[in-house]
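Following: one structure in structure tokens, then a few remarks.
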Amino acid sequence: MLIGFDLKELIKKAEKEGKKVPREIFDVGIAYWLLNPAEEEYTPENLTRKYLGKEFDGSNTAFDDLYNFAVKKLGEYKLEKLFYEVEMPLLGVLADMELAGIKVDAKLLKALDKDLEKNISDLVKIIYQESGETFNINSPKQLSHVLFEKLKIDSSGIRKTKSGSISTDVETLLDIKDRHPVVQYILNYREFFKLHSTYVLPIQELIGKDGRVHTTYIQTGTATGRLSSQNPNLQNIPAFTESPAGKPEISKPIGEDWAFRLRKAFVAEPGYKLAAFDYSQIELRVLASLSGDPKMMEAFNNNLDIHKMTAANVFNVPLEKVTPEMRKIAKTLNFGVIYGMGALAFAETSGLSVEQAKKFIEEYFSDFKNIKEWQEEIKAQARDLGYVSNINGRRRWMPAAVSTSRQEAAGSERAAINMPVQGLAADIIKMAMVKIAEEIDKKNLTDKIRPILTIHDELLFEIKGDIMKEATQLISGIMEGVYELEVPIKVNVKTGKNWGEMTTIVN
DNA sequence: CGCATACGCGCC
DNA sequence: AAACGGCGCGTTTGCG
């Protein structure tokens, strides 16, 4: 067995040199992450200090001690299955995905950047003109000064940041948009500058000699079991919003959608297409399954629109009487429940009064009683045991659940409620990734089907055109069947020549 | 000068 | 003030 730290790097190196790696591997850092996913760093030095109470000296014995302790604890916490059957096999899959990377059309990015820069410089001029001085628009402090002191825009009812200056975030700017013409220009400037500085510029610099960008997946990067992605983070590339299903096109002209232009620059190699598989409502399905809530399970079992069903329940109207506005509130409620949202936050995001918000939350929990009960159980577990765990034993320590600070305890409760849901969804997609990679191997399809991205509930593949249909059926079949919930798991599939222009396909 | 922090914002 | 879970990263600012 290969035992060590950062085995993903080792595997990548070995694969580049055409060498084989043993099938049995044990990444010590990842083992400790399973024991406690909230450590700062999973280095031998840190772990030795914290878990063995001594200094790490780099000796073989020191490594052995770390390994032995981890093995013992994985057993004690019943984490072996997750470790040996999910996280360790996943290591090789992630290594391959990182090596593969995703092809980027540098010309498209360059053209996009040129247009962005033009817009930015035009907007800077206008903003300086409108505000009567030149200043650093990127500085919230300076911007706040210009808006609320120089231009004396009415700031009543606008929140302040914790350092005391008046906030200039999007929400605030939208609130005061009608009070001065400069505000809309600043909103536009922010959008363009963000796209330029966070995405288009850095991604161009990260294009390798192979014309592809290679992210790094951090397997120990979250407290819930998810992966994170860095250098570049390909899990937060702007997404353009499509018009609602069944509705006529009401979105802005597609050619002017900047996120769309950015996504179009992520392309498939000639002869290949991209295929995106996303789990439909995976977290709500998980919640329905874990809580055993009959109404929510029935909705998924009958393949209903879950937000519409929720709306019908909280508004006490038949399904056909649910308006888009009602559905929108229900959708916010559904997501809010996963996140432990309170009445204040719900009021804020939905535009309802706090009174109304409270009413809706009460109504929600009386309609979906099992969800409330399940959440109470999880909160009790966090307080009594000091940790919460998901159904596969994935564990997150919750020392703050018994904090005397109300705020800390409340924050801890929200995290506790969320973890078993987000964590099981993460397990499911990880299991699917492992199984898909095994099948690709078994069927000798490694040159024709390449997994390239994973974005929490979505997998992106590069697939040879001639086997597209078999491939999408194989992949979606595995994703839907890899884990059994109390409700069906559903996957949506889209394909296209690039990441922007993808069309839904029906298998 | 490098570094940590605040602020802001992109995604699921 | 903050107020819904999980992330990574850009720029600015203040500090040593």
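Numbered from 1 within each chain, the chains take letters A, B, ... in sequence-line order.
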Subject >> Test salt bridge (charged side-chain N to carboxylate O under 4.0 Å, His left out) applied to E39(A) and R49(A), step by step >> reply: CA-CA 12 Å; E39(A) 298 290 352; R49(A) 202 173 301 125; over 6 Å; no
Original post:
Where do R450(A) and D96(A) land on the salt bridge (charged side-chain N to carboxylate O under 4.0 Å, His left out) test, with the steps shown first?
Top reply: CA-CA 9 Å; R450(A) 288 196 289 253; D96(A) 289 342; over 6 Å; no
**OP:** Apply ring-ring contact (aromatic ring centres under 6.0 Å, His included) to the pair W258(A) and F192(A), showing each step before the final yes or no.
**Re:** CA-CA 9 Å; W258(A) 300 90; F192(A) 292 133; 5.1 Å; yes
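The neighbour count for L385(A) CG, taken as heavy atoms of other residues, nucleotides or ligands under 6.0 Å away, is above 12.
Residue G336(A) is in base contact, counting any heavy-atom pair closer than 4.0 Å across all strands shown. In this structure, V337(A) reaches neither bases nor backbone, as no heavy-atom distance under 4.0 Å exists between it and the strands shown. Using a 4.0 Å heavy-atom criterion, one finds that I237(A) contacts the sugar-phosphate atoms exclusively. No contact: A343(A) has no heavy atom under 4.0 Å from any strand. T168(A) comes within contact range of the sugar-phosphate backbone alone, with a heavy-atom separation under 4.0 Å but no base atom that close. Backbone-only contact: N231(A) has heavy atoms under 4.0 Å from sugar-phosphate atoms and none from a base.
The nearest whole Å value for the distance from the OH atom in Y217(A) to the C1' atom in dC7(C) is 14 Å. If you measure from atom CG of L234(A) to atom P of dC7(C), you get 18 Å, rounded to the nearest angstrom. Summarising the geometry, the separation between CD1 on I203(A) and P on dC11(B) is reported as 13 Å, rounded to the nearest angstrom. The distance between atom CD of E283(A) and atom C1' of dC11(B), rounded to the nearest whole Å, is 13 Å. With rounding to whole Å, E205(A) atom CD is found 14 Å from dC9(C) atom P. Atom CG of L187(A) and atom C1' of dG8(B) are 13 Å apart (whole Å). Atom CG in N233(A) sits about 12 Å away from atom C1' in dC9(B), given to the nearest Å. At whole-Å resolution of the value, CG in N236(A) and P in dC11(B) are 8 Å apart.
Contacts between residues 391-400 of chain A and DNA chain C, defined by a heavy-atom separation under 4.0 Å, are made by R396(A). Near-neighbour residues of DNA chain C inside residues 137-149 of chain A, defined by a heavy atom below 4.0 Å, number-ordered: N138(A), S139(A), K141(A), Q142(A). DNA chain C is contacted by R414(A), A415(A), N418(A), Q422(A) of residues 407-429 of chain A, taking any non-hydrogen atom closer than 4.0 Å.
Counting distance only, with no hydrogens placed and no angle test, the side-chain atoms of R226(A) and the base atoms of dC12(B) include a donor-acceptor pair under 3.5 Å.
Comment: D122(A) engages K118(A) in a salt bridge, judged by a side-chain N to carboxylate O separation of less than 4.0 angstrom. At a threshold of 4.0 Å, the pair R394(A)-D427(A) counts as salt-bridged, since one of the basic side-chain nitrogens sits closer than that to a carboxylate oxygen. A salt bridge does not link E413(A) with R406(A): every distance from a Lys NZ or Arg NE/NH1/NH2 to an Asp or Glu carboxylate oxygen is 4.0 Å or more. Of the charged side-chain nitrogens involved, none lies within less than 4.0 Å of a carboxylate oxygen, so that R285(A) and E480(A) do not count as a salt-bridged pair. In this structure, D278(A) does not pair ionically with K494(A), as no charged nitrogen and carboxylate oxygen lie closer than 4.0 Å. Ion pairing between E501(A) and K497(A) fails under the 4.0 Å rule for side-chain N and carboxylate O.
Listed candidates were dG8(C), dG10(C), dA3(C). Nearest to the side chain of S197(A) is dG10(C). Side-chain proximity of Y339(A) to the nucleotides dT11(C), dG8(B), dG5(C) is greatest for dG5(C).
With sequence neighbours excluded, no residue satisfies salt bridge (Lys or Arg N to Asp or Glu O under 4.0 Å) with K359(A). With sequence neighbours left out, F315(A) forms a ring pair (Phe, Tyr, Trp, His ring centres under 6.0 Å) with F360(A). When the side chain to side chain contact (heavy atoms under 4.5 Å, CB included) test is applied to K12(A), the partners found at least two apart in sequence or on another chain are K8(A), E9(A), A95(A), E98(A), L99(A). For D154(A), the side chain to side chain contact (heavy atoms under 4.5 Å, CB included) partners at least two apart in sequence or on another chain are S156(A), R179(A). By the side chain to side chain contact (heavy atoms under 4.5 Å, CB included) test, K177(A) is found to be paired with L174(A), V183(A), Q184(A), L187(A), residues two or more places apart in sequence or in another chain being considered. Residues forming a side chain to side chain contact (heavy atoms under 4.5 Å, CB included) with A265(A) (at least two apart in sequence, or on another chain): L108(A), L109(A).
Only the P atoms considered, dA2(C) is 8 Å distant from dC7(B), to the nearest whole Å. For the C1' atom pair drawn from dA6(B) and dA1(C), the interatomic distance equals 15 Å after rounding to whole Å.
Legend: ring pair (Phe, Tyr, Trp, His ring centres under 6.0 Å) pairs involving residues 364-392 of chain A, not counting sequence neighbours, sorted by first then second residue: Y364(A)-F368(A), Y387(A)-W397(A).
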Close N/O contacts between protein and nucleotides 4-6 of chain B (under 3.5 Å):
none

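Taking 4.0 angstrom as the limit, N136(A) places a side-chain polar atom (N or O) nearer than this to OP1 or OP2 of dT12(C). In this model, the phosphate group of dC9(B) is approached by a side-chain N or O of R190(A) to a distance below 4.0 Å at OP1 or OP2. Side-chain nitrogen and oxygen atoms of Q230(A) include at least one within less than 4.0 Å of the OP1 or OP2 phosphate oxygen of dC9(C).
The cationic group of R395(A) lies under 6.0 Å from the six-membered ring centre of Y77(A) and within 45° of the ring axis, placing it in a cation-pi geometry.
Where pairing requires Watson-Crick or G-U contacts shorter than 3.5 Å, the helical stems of DNA chain C with at least three consecutive pairs are B:1-4 with C:13-16, B:6-12 with C:5-11.
Mapping G164(A) and G342(A) onto DNA chain C by nearest heavy atom places G164(A) closer to the 5' end of the strand.
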